[in-house]
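The structure under discussion appears below in the form of structure tokens.
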Amino acid sequence: MADSLPLDQNTLWNGPAGENWVAQQALLDSLFQPMADALRDELPAAVTELLDIGCGTGASTLTAATMRPDAHCTGVDISAPMLALARQRAAAIGRDIDFIVADAQRHAFATARYDWIQSRFGVMFFEDTQAAFANLHRAARAGAGLRFIAWRSAQDNPFMTAAERALADQLVLPARAPGAPGQFAFADGERVRRLLQRAGWQDVDVSPLDLTCFLTRDALASYVGQLGPVGLALRALPTERADALLQQALAAFASFIDGDRVRVEAACWMIRARA
């Protein structure tokens, strides 16, 4: 079927996508725990001011604040509903974290404030990635570290596109244009390297990061039926039609099921740089 026009990022993440991520926070945090661990392992002992980009419901920010309790941590995200949950989670564990509802591409961060900038899947949605990286560079102190985890290509991540492939002739889904804002915007690692360098970052390293993640088998229907472009499309359909298509999509995940778990081989980049 023909591709539909995607919602703009602000509308998407303050509407259906943001609401779905809030509802599925526990599922997603569990699935992406290996990425949170990888970022945690990069965190220097001496960090004092940390900025977490696209922090969503706060998992990576909370991990950093717990690991470095003397550091001041700030999370920024365009999604108000996701940050509302992040604030609740921080309060529940007694962490004083600043959460800012803003577009990190344009937000007027304090100049040269942060000595560590990180993101777990929060950097692939900028309208102008080079401008965003330049804005973050202005916010970084000289010598500050940067660590981003981003997805490689759709071809490298068959689990992430299995439902789309299974229902390609049944649903109207947004086009995935190379380099456009979205999950696979950073598929071209060399392009990401160039954008960072042009924005002023030094010692840029874009290295493959391959991680094994898991869902419970019982959680797969929620993952497919609620999240991503397929989840958004299914939620807009009459219940009977949506249920039938969900079952068709779930059949495409048979090769990923391992007993009572669903195995996800995640092909990512670990992106490192210095201000």
Side-chain angles (χ1 to χ4, degrees), residues 7-40 42-43 50-69 71-105 107 114 116-126 132 136 147-151 160 181-183 185 211 213-216 218-232 235 264 266 268:
L7 297 173
D8 70 85
Q9 297 299 311
N10 186 67
T11 300
L12 187 66
W13 293 104
N14 282 289
E19 293 162 2
N20 291 351
W21 273 67
V22 167
Q24 302 298 330
Q25 170 261 314
L27 182 158
L28 289 164
D29 282 357
S30 177
L31 176 62
F32 296 140
Q33 186 61 49
M35 292 73 172
D37 293 343
L39 272 184
R40 177 203 63 200
E42 296 281 320
L43 193 61
L50 179 145
L51 179 62
D52 194 2
I53 305 300
C55 65
T57 59
S60 52
T61 326
L62 293 169
T63 297
T66 301
M67 287 294 297
R68 299 291 180 260
H72 177 255
C73 295
T74 300
V76 60
D77 200 286
I78 201 170
S79 175
M82 293 172 78
L83 287 192
L85 178 55
R87 293 189 185 99
Q88 293 174 15
R89 298 176 71 190
I93 63 170
R95 296 294 177 189
D96 185 15
I97 299 172
D98 289 334
F99 288 106
I100 303 170
V101 179
D103 181 350
Q105 178 181 322
H107 183 67
Y114 301 99
W116 191 256
I117 299 177
Q118 67 173 31
S119 180
R120 186 202 68 175
F121 298 143
V123 292
M124 299 96 69
F125 304 95
F126 296 124
L136 296 176
R147 297 293 186 276
F148 293 159
I149 294 177
W151 294 105
M160 292 296 161
Q183 182 179 13
L211 298 167
C213 307
F214 292 96
L215 284 170
T216 66
D218 290 342
L220 182 60
S222 292
Y223 179 88
V224 176
Q226 298 294 321
L227 297 165
V230 168
L232 290 175
R235 284 164 61 91
V264 182
C268 305

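When a residue number appears, it is its place in the shown sequence, counting from 1.
Inter-residue side-chain proximity for Ile149 and Leu39 is flagged as met; some heavy-atom pair is nearer than 4.5 Å. Between Asp77 and Phe99, the closest side-chain pair of non-hydrogen atoms is not below 4.5 Å. Side-chain contact between Ser60 and Phe121 is absent, with no heavy-atom pair separated by less than 4.5 Å. Residues Asp103 and Asn10 are not in side-chain contact: their nearest non-hydrogen atoms beyond the backbone lie 4.5 Å or more apart. Considering only heavy atoms from C-beta on, Leu51 stays 4.5 Å or farther from Gln118 through its side chain. Taking the side chain as every heavy atom from C-beta outward, Trp21 and Leu28 approach each other to under 4.5 Å. Residues Ile117 and Phe148 meet the side-chain proximity criterion, which asks for heavy atoms closer than 4.5 Å. Using a 4.5 Å heavy-atom cutoff, the side chains of Cys55 and Leu83 are in contact.
Smallest separation of non-hydrogen atoms from Thr61 and Cys73: CG2-CB, 4.3 Å. Between Ala64 and Leu50, the shortest heavy-atom distance links the atoms CB-CD1, 3.7 Å. Nearest heavy atom pair, residue Phe32 against residue Met160, reads CE2-CE, 4.3 Å. Contact detail for Ala86 and Gly56: the closest heavy-atom pair is CB-O, 3.8 Å. Nearest heavy-atom pair across Leu232 and Ala17 is CD2-N, 4.0 Å.
The structure places OG of Ser30 at 10.5 Å from CD of Gln25, a figure rounded to the nearest 0.5 Å. The structure places CG of Leu12 at 10.5 Å from CD of Glu19, a figure rounded to the nearest 0.5 Å. Separating the CZ atom in Arg120 from the CE atom in Met35 is a distance of 8.5 Å, to the nearest 0.5 Å. Considering CD of Gln105 and CD1 of Ile53, their distance stands at 11.5 Å, rounded to 0.5 Å. Between the CG atom of Leu62 and the CZ atom of Arg95 there is a distance of 9.0 Å, given to the nearest 0.5 Å. Rounding to the nearest 0.5 Å places CZ of Phe125 at 7.0 Å from CD of Gln183.
Within the structure, salt bridge (Lys or Arg N to Asp or Glu O under 4.0 Å) pairs that include any residue of residues 82-91 comprise Asp29-Arg89 (at least two apart or interchain).
Side chains of Asn14 and Ser79: no donor on one and acceptor on the other come within 3.5 Å. Between the side chains of Trp13 and Gln9, at least one donor-acceptor pair of N or O atoms lies under 3.5 Å. Judged by distance alone, the side chains of Gln33 and Asp37 do bring a donor and an acceptor atom under 3.5 Å apart.
Within the 3.5 Å criterion, the main-chain N or O of Leu227 finds no donor-acceptor partner in the side chain of Asn20. The main-chain N or O of Ala59 is found under 3.5 Å from a side-chain atom of Thr63 such that the two form a donor-acceptor pair. In terms of modelled atom types and a separation under 3.5 Å, the side chain of Arg68 and the main chain of Leu43 share a donor-acceptor contact.
Remark: Asp98 engages no residue in a salt bridge (charged side-chain N to carboxylate O under 4.0 Å, His left out) (not counting sequence neighbours).
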Thr66 and Arg40: side-chain contact (heavy atoms from CB on, under 4.5 Å), yes or no, with the steps?
-> CA-CA 10 Å; Thr66 301; Arg40 177 203 63 200; over 6 Å; no
Determine, stepwise, if the pair Ile100 / Thr74 fulfils side-chain contact (heavy atoms from CB on, under 4.5 Å).
-> CA-CA 8 Å; Ile100 303 170; Thr74 300; 3.7 Å; yes
Kindly determine whether Leu27 and Leu215 satisfy side-chain contact (heavy atoms from CB on, under 4.5 Å), including the steps that lead there.
-> CA-CA 8 Å; Leu27 182 158; Leu215 284 170; 3.5 Å; yes
